[in-house]
Each structure stands twice: as structure tokens, then as C-alpha cells.
> 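Structure below; questions to follow.
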Amino acid sequence: MQRIIIHGGCGAREDYNTRFQDYHNHLLTIIKQAYSFLQKSDDALKTAVFTAKCLEDVPIFNAGTGSRLQQDGQVRMSASIMDSCLGKFAAVINIQDIQYPSEVAASLLTHQHSILAANEATYYARHRLKMPKYNPITEHRYQEYLELKKGLTGTIGVVVLDHSNNIVALTSTGGAGFEVPGRVGDSPTIAGNYASKIMGISCTGIGEQIINEAVAAKVHTRVRDGMSLQQAVDKSIKESDALDDYVGLIALDNKGNFATGSTSVAQTLYAYHDSRCACTFYQ
């Protein structure tokens with residue numbers, strides 16, 4: 001079977017100048033493109049990267065183009081990917097001046113040293129992958145920075161299952177917005193992004209809180225130990241809710257079951273596609 005689920009971030013609608021319909025339209029368009037790509041390629045890894053790049057190109061999402069600025073006026077982006085076929089995690093942390101952090105992270109799956117940070121990540125993208133210099137700052141994000149508007153969160157995520165039962169999870173972020181330069185959130189860690197032959201998961205929200213609870217890895221462990229996907233998600237979200245944490249997630253297991261969750265203080269934008277239909281919603 002082939003399945004795909006995506007999210008557009010927890011707290012994406014902190015920018016109330018952007019209508020919910022705009023998020024809905026972008027997510028619906030992208031999930032349809034992604035499923036069509038998956039049908040033709042039947043390759044979870046290629047589909048995850050394709051889909052993430054589509055999301056990174058939409059400036060209303062805080063990833064790739066349209067990433068939020070940090071306190072020094074710079075954009076530093078992070079992305080991670082995990083492929084159940086390879087059993088491997090790869091990530092870039094605080095990479096700069098690149099159009100698609102997701103693509104850089106994916107390329108590292110074939111390397112022994114699969115996690116690169118800061119200047120070394122940017123150098124790798126520029127000189128090893130020959131990626132051109134790219135400015136991801138939009139006028140809208142720059143005005144946010146000048147007005148000292150502080151966001152909380154912002155991430156895009158993708159989880160894909162192909163006919164070979166390979167599962168790939170990919171998460172990409174522009175960071176929290178107006179954070180201290182060098183800060184690292186959950187997106188380039190297994191607390192925020194995880195995949196195995198059992199399931200895949202991508203988280204969004206306040207990175208430090210997701211890391212403290214090891215949300216993605218915890219959900220996976222519970223499914224591995226016998227819980228259903230929805231039970232594992234519900235229990236983990238309930239624990240984060242009890243802490244007043246700001247967390248959302250998408251998950252997909254090897255049977256094709258979807259699960260989503262958000263704590264009560266958060267709102268996460270989702271879209272999924274299976275053989276029957278495409279759907280978007282928020283929670």
C-alpha cells in the first residue's frame with residue numbers, strides 16, 4: 001500500500017494575516033502532488049524529499065523559503081530524515097543560504113558521518129553538492145523581525161509508506177523565530193523525527209519541550225512494545241498536555257494507519273492521502 005501524511009507546523013497560524021484557507025489550499029495541492037509522485041515512483045525516500053521541497057518552497061510555512069529570522073537577523077535552518085530501509089538517521093543543523101535543507105539532509109544518508117552542523121553543513125552543501133547560494137528570507141519575515149514579532153514554532157513534516165513497506169520520515173524547520181543564534185530544536189533529532197520498519201513520525205511545536213519528552217522516540221517505543229499507533233500517540237500527547245507543552249505530530253505505521261495529535265494549547269495543520277482521497281484538517 002501507499003500512504004503519505006504531511007504537516008505544516010504547530011503554531012503555523014501565529015501569523016494571523018494569513019488565512020486558514022491559504023494553508024488549506026497549499027497543503028491540499030502539495031499532498032495531491034506528493035501522492036501522484038509516490039504512485040509513479042513507489043519510492044518513499046524520493047517522495048519524502050520531493051514533498052518536503054514543495055513545502056519548503058511555500059513562504060507561509062516556516063521552513064526553507066520563509067524561514068523565521070533569529071536574533072541576529074540571520075536565518076539558520078535544520079532538517080532531518082530517517083529511512084527504515086537503511087535504518088539510518090541523517091540531519092543538517094543550522095545550515096544557511098540553502099534553498100532545500102531537506103535535500104541536504106537526505107544526501108547525508110549515504111555518508112558515514114550523517115549529521116552536519118552550522119558552517120560545515122553549509123560548506124558541504126555548497127562545495128560537495130554544488131548547491132548555489134540562496135537567500136530564504138522573505139520580505140514578510142524580515143518585517144516580522146523588524147517589528148520584533150516573536151513566533152513560537154514552525155516546522156514542516158512528511159511521513160511516507162511505499163509498496164515495499166519502506167517508511168521515511170522527514171522534518172524541516174526555520175527554527176522558533178527570534179531565538180538565540182546557535183539554538184537547536186527537536187527537528188534534527190530523534191525526539192522530533194523517527195522512522196523504522198514499524199512506523200514513522202514527525203513532530204512540531206516547541207523544540208525544547210519535545211526533546212525533554214523525547215516524543216518521537218517515545219511513541220515509536222510504545223508501538224514497538226505492543227500499543228496501537230493511535231494509543232501510543234494519545235498517551236504521549238496526554239503526557240505532554242499535562243506539562244502544558246506545545247506539541248503536535250503526524251505518524252504512520254506499516255499497516256497504513258494514520259495518527260495525529262496536538263496538545264490543547266497547540267494547533268497543527270495536517271493533510272493525508274491514501275488510495276481513496278486527499279484530506280486536510282487541523283487539530
Side-chain angles (χ1 to χ4, degrees), residues 1-8 30-31 33-55 79-91 102-103 105-110 114-115 155-172 186-204 210 214-234 236 248-261 268 270-276 278-279:
M1 69 185 72
Q2 296 172 319
R3 299 283 191 272
I4 183 166
I5 185 167
I6 64 177
H7 70 73
I30 290 170
I31 199 69
Q33 292 172 338
Y35 192 73
S36 177
F37 186 97
L38 177 61
Q39 285 183 304
K40 293 174 183 176
S41 68
D42 194 31
D43 188 313
L45 177 57
K46 290 180 180 178
T47 302
V49 175
F50 169 83
T51 309
K53 289 171 68 175
C54 290
L55 289 160
S80 71
I81 186 168
M82 195 163 185
D83 183 338
S84 70
C85 182
L86 296 173
K88 192 168 183 179
F89 179 92
S102 60
E103 188 173 24
S107 75
L108 289 168
L109 284 170
T110 60
S114 59
I115 302 172
T155 317
I156 61 93
V158 182
V159 186
V160 185
L161 170 69
D162 64 26
H163 277 312
S164 300
N165 278 342
N166 189 32
I167 300 174
V168 175
L170 196 161
T171 306
S172 178
D186 68 292
S187 296
T189 76
I190 61 168
N193 191 80
Y194 198 86
S196 73
K197 294 185 182 299
I198 301 169
M199 60 158 291
I201 180 170
S202 170
C203 298
T204 177
I210 294 169
V215 174
K218 180 166 63 174
V219 171
H220 174 266
T221 298
R222 284 173 166 159
V223 174
R224 184 193 64 194
D225 290 349
M227 278 191 182
S228 72
L229 183 66
Q230 193 63 61
Q231 287 173 331
V233 167
D234 289 346
S236 301
L249 62 85
I250 56 174
L252 174 61
D253 70 17
N254 58 8
K255 300 179 183 67
N257 298 310
F258 297 114
T260 64
T268 310
Y270 308 105
Y272 71 87
H273 205 312
D274 57 19
S275 59
R276 295 165 295 176
C279 180

> H163 side chain to M1 main-chain N or O, any donor-acceptor pair under 3.5 Å?
yes
> Compare every heavy atom of F258 with every heavy atom of R3, then report the nearest pair and how far apart it is.
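The pair with the smallest heavy-atom distance is CD-CZ, 3.6 Å.
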> Once rounded to the nearest 0.5 Å, what's the spacing between atom CD1 of I201 and atom CD1 of I250?
8.5 Å
> Salt bridge check: are D274 and R276 linked by an N-O gap of less than 4.0 Å?
yes
> Can you name the one residue among V233, L252, V159, L229 that meets side chain to side chain contact (heavy atoms under 4.5 Å, CB included) with M199?
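Running side chain to side chain contact (heavy atoms under 4.5 Å, CB included) over V233, L252, V159, L229 with M199 returns exactly one hit, L229.
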> Looking at OG1 of T260 and OH of Y272, how far apart are the two atoms once the value is rounded to the nearest 0.5 Å?
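One gets 9.5 Å once the value is rounded to the nearest 0.5 Å.
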> Hey, could you give me the CD1/CD1 distance between I31 and I5, rounded to the nearest 0.5 Å?
7.5 Å
> Might you point out which heavy atoms bring P188 and A79 nearest each other, and give the distance in Å?
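Heavy atoms of P188 and A79 come nearest at CB-O, 4.3 Å.
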> Show, in sequence, the C-alpha distance, side-chain angles and deciding distance for D42 and Q2, and conclude whether the side chain to side chain donor-acceptor pair (under 3.5 Å) test is met.
CA-CA 8 Å; D42 194 31; Q2 296 172 319; 3.1 Å; yes
> So I6 and I156, do their side chains get closer than 4.5 Å, heavy atoms only?
no
> Where the side chain of Y194 meets the backbone of A169, is there a donor-acceptor pair that is under 3.5 Å apart?
no
> Give the minimum heavy-atom separation between C85 and N166, together with the two atoms involved.
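The pair with the smallest heavy-atom distance is N-OD1, 2.7 Å.
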> Would you compute the distance between atom OG of S84 and atom CD1 of I167 and round it to the nearest 0.5 angstrom?
5.5 Å
> Taking it one step at a time, do I81 and V49 satisfy side-chain contact (heavy atoms from CB on, under 4.5 Å)?
CA-CA 9 Å; I81 186 168; V49 175; 4.1 Å; yes
> Are the side chain of S196 and the backbone of I198 linked by a donor-acceptor contact shorter than 3.5 Å?
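Judged by distance alone, yes, a pair lies under 3.5 Å.
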> For A105 and A90, which heavy atoms make the closest approach, and how far apart are they?
O-CB, 3.4 Å
> I'd like to know whether S80 forms a side-chain contact (heavy atoms from CB on, under 4.5 Å) with L170, so could you lay out the CA-CA distance, the side-chain angles of the two residues, the decisive distance to 0.1 Å, and finally the verdict.
CA-CA 6 Å; S80 71; L170 196 161; over 6 Å; no
> As a quick check of understanding, evaluate side-chain contact (heavy atoms from CB on, under 4.5 Å) for N254 and K197, giving each step before the final call.
CA-CA 7 Å; N254 58 8; K197 294 185 182 299; 5.5 Å; no
> Quick one: CZ on F50 to CD on E103, what's the gap to the nearest 0.5 Å?
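Reported value, rounded in 0.5 Å steps: 12.5 Å.
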> Step by step, would you call L161 with V168 a side-chain contact (heavy atoms from CB on, under 4.5 Å)?
CA-CA 7 Å; L161 170 69; V168 175; over 6 Å; no
> Could you list the donor-acceptor pairs under 3.5 angstrom formed by side chains in residues 33-40, with sequence neighbours left out?
from: Y35; atom 1: OH; to: S275; atom 2: N; distance (Å): 3.3

> For the residue pair D43 and L45, what are the closest heavy atoms and their distance?
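Distance-wise, the nearest heavy atoms are OD1-N, 3.0 Å.
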> Could you list the residues that satisfy side chain to side chain donor-acceptor pair (under 3.5 Å) with S202, not counting sequence neighbours?
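Expected list: H7, T171.
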> For K46, does the NZ atom have more than 12 heavy-atom neighbours from other residues, nucleotides or ligands under 6.0 Å away?
no
> If you round to the nearest 0.5 Å, how far is OG1 of T155 from CG of L55?
11.5 Å
> Under the 3.5 angstrom rule, does the side chain of S114 hit a backbone N or O of L108 as a donor-acceptor pair?
no
